[in-house]
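All heavy atoms count here, side chains included; hydrogens, waters and symmetry mates do not. Reminder, nothing fancy here: chain letters follow the sequence lines and each chain counts from 1.
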Amino acid sequence: MLRLLSFALFLLIWWIAALFVGGAKLPSPPAVLEVMIAEASSGALFLHLGATLARVALAFVLAMSLGSAIGYLMGRVRLADKLGDPWLILLLNLPALVVIVLAYIWAGLTEAAAIAAIAINKLPTAVVTLREGTRALDRSLDEMASVFAMPRWRAFRHVVLPQLAPYIAAAARSGLSLVWKIVLVAELLGRPNGVGFEIGVAFQLFDTPRLLAYSLTFAAVVLVIETLLVQPFEARATRWRPRAA
Amino acid sequence: MRLEVEITGKTFRSATSGTHEVLAPLKFALHSGEVGVLIGPSGCGKSTMLRIILGLDHEFQGRIARPPQARIGMVFQEPRLLPWRSVEQNVRLAAPDVTDAKLSELFRILELEAHRSHFPGELSLGLARRVALARAFAVEPDLLVLDEPLASLDDALAGRLRDEIATLVASRPVMTLLVTHSLDDAVRLGDRLFFLSPRPARILAEVPIAIPRDARADAEIAAIKAGLARRIQGEQGDERAGRDVS
Ligand SMILES: Nc1ncnc2c1ncn2[C@@H]1O[C@H](COP(=O)(O)OP(=O)(O)OP(=O)(O)O)[C@@H](O)[C@H]1O
Ligand SMILES: [Mg+2]
C-alpha cells in the first residue's frame, strides 16, 4: 500500500516537473506512455527487451557459475588463492568501459564479445563473495561429514552448499544489478539491437520520450525479476533460520 | 576388529605463547565388543585424543591402527547437527541405509518422535544431543565414539540412554570409546577405564572391570566405585608426593 502511494507520489512529482521544464526536455507521463504503447504494438519494444534480457541471462549465468567455482576454489585451496588474488584485484579495479572496449577491439563487434565483456565485469565480485563464504564454512561440520564417511557429492550438497547459499544469493543480487547497468553500455557501444542500442539512438535524436519509454520499461522489468526471482531464492536459502515470531 | 592407539606426543602451537603439549605418550588397544572409558579432568586432552583416533587430526607423533573399513558412529562433544536439515534428515544423511523401522525405534527410545520434522534450531541442547546419539546409532557402527554423550540430560533419561548404549554394545560387535566425567556411567558401561592425568594427558591407571556388564547390579557397582575411590585417592597421593620430591 505504502509502495503504491510512494509510486503515485513519484508520478505526481514527475508530472509537475514536466509542466515546468517543458515537453522537449522532460515529457509528461502520458506522453511517455504513448510512446511505450506505440513501440509495444509495433513489437520493437519486446524485440529489444528480449535481446537485452537474453544477454543479461547468458552473461549472468556464465559469470555466476564461473565466479562461484573460482571463489570456492580460492576459499578452499591456499595456492589457488595466492595465484588468483592479483588477477582478482586487477579485474576488480578495471573500469567496465575498458573491458567492453577491449573486448570489442579484440573479438570484434560480436555477440560473444558483448556477453564475455559483461560476464568479466561481474566475475570478480562473485569470486570475492564466494571466497568469503567458503572461508566462513564451519569446519566442525566438515569433520562430521568425514567421520560419517559421507560421499563427496552428498557432503557438498547437504553440508557445504546450504552454508554458501546466502553468499550465492548475495552475489546474485549484487551481480544482477551490476549486469543490468553494464549491459546497456555494451549494447550502446557495439550492438545493433537491445535497450542500450535504442537509448543510444534516442540520445542521438534527442528523443527524450523514447529514451524514457525504453529505460522505464527496462527498470520495470528489472524490478519484476528482482521481486519474483531473486527475493524468493534468498528467502528459500535462509528458510531454516529460526525467525522471530 | 581392533583399535590400537599409540600416541607419543601432541603439541598445539598457540598464537601467543609458543607451543603447548596436550598429550604425553600413551598407548592402549580396544577390541570388538569392548567399551573403553576415558576419564580425566577438563582440558586434559580427551577430545583432542578422539580427533586423532578418528583421523581428523594428523599432526601428532605416534600411530593409530584403525580397521580401514570400520564404520564410525560419533557423538561429538557438541551436537554438530546440520541446522538447515530436519532432525530426520540429519540422521538419514549420515546413515542412508537405515530402515524406517530402525529409525522409528531409535526415535522412540530417544523420545524424539515429536521432533522428527523440527530443525535443530528449534531443539533444546538435550534434544539436540539425543539427535546426535540417534545419528551415531543409526549407522550401526563398528567403532562408536562418544564424547560426553549424556551431559545436559536429566538423570532418568541419562539412565535410559545408558541402558540403550549397553544394549547396542551387546547386540553387535562394536568397539566403543566413551569420554565421561561421571564415575557412575563409567562403571556401569565400561570394560576398561582409563584414568587420565591433567594436561599433557597420560594414562594414570588402566582399570579393567571383570564382571560382565549385564551382571552388574547396584551392589557390584557400589563396590567397584568404592574400590576406585580408594585407588584414585592413593594415586593422587602418589602424584603429590612425586611432585614434592621433584
Ligand atoms: N586447536 C587448538 N589449538 C590450540 N590448543 C588447543 C586446540 N584444541 C584444544 N586445545 C587445547 O588442548 C587442551 C585439551 O583440549 P581438549 O578439548 O582435548 O580437552 P578435553 O579433555 O576434551 O576437555 P573437556 O573435558 O573440557 O572437554 C586444552 O588445554 C585446549 O586449550
Ligand atoms: Mg572435550
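For B:R51, the part sitting under 4.5 Å from any heavy atom of chain A is the side chain, from C-beta outward, and nothing else. For A:S140, the parts sitting under 4.5 Å from any heavy atom of chain B are the backbone and the side chain alike. Neither the backbone nor the side chain of A:R139 comes within contact range of chain B; no heavy atom of the residue lies under 4.5 Å from a heavy atom of that chain. With a 4.5 angstrom heavy-atom cutoff, A:M150 touches chain B only via side-chain atoms. Only the side chain of B:R85 comes within contact range of chain A, judged by heavy atoms closer than 4.5 Å.
Taking the six-membered ring for Trp and the full ring otherwise, the centers of A:Y72 and A:F156 sit less than 6.0 Å from each other.
Most heavy-atom pairs under 4.5 Å with chain A, from the set B:P96, B:A95, B:G55, B:G73: that is B:P96. Counting heavy-atom pairs under 4.5 Å between each of A:D142, A:V159, A:D138 and chain B puts A:V159 at the top. Taking chain B as the reference chain and counting heavy-atom pairs below 4.5 Å, the highest number among A:Q163, A:R154, A:H158, A:M144 is found for A:H158. Of the listed residues (A:P162, A:S146, A:A149, A:A155), the greatest number of heavy-atom pairs within a distance under 4.5 Å of chain B belongs to A:P162.
For the residue pair B:Q89 / B:S86, a side-chain donor-acceptor distance below 3.5 Å is found, with atom types taken as modelled. When only modelled atom types and interatomic distance are considered, A:E187 and A:T52 share a side-chain donor-acceptor pair under 3.5 Å. Side-chain atoms of B:R129 and B:S124 include no donor-acceptor pair closer than 3.5 Å. Counted by atom type alone, B:E21 and B:T11 present zero donor-acceptor pairs between their side chains at under 3.5 Å.
Of all heavy-atom pairs spanning A:F148 and B:M74, the tightest one is CZ-O, 3.4 Å.
In this structure, A:F46 has no ring-ring contact (aromatic ring centres under 6.0 Å, His included) partners at least two apart in sequence or on a different chain.
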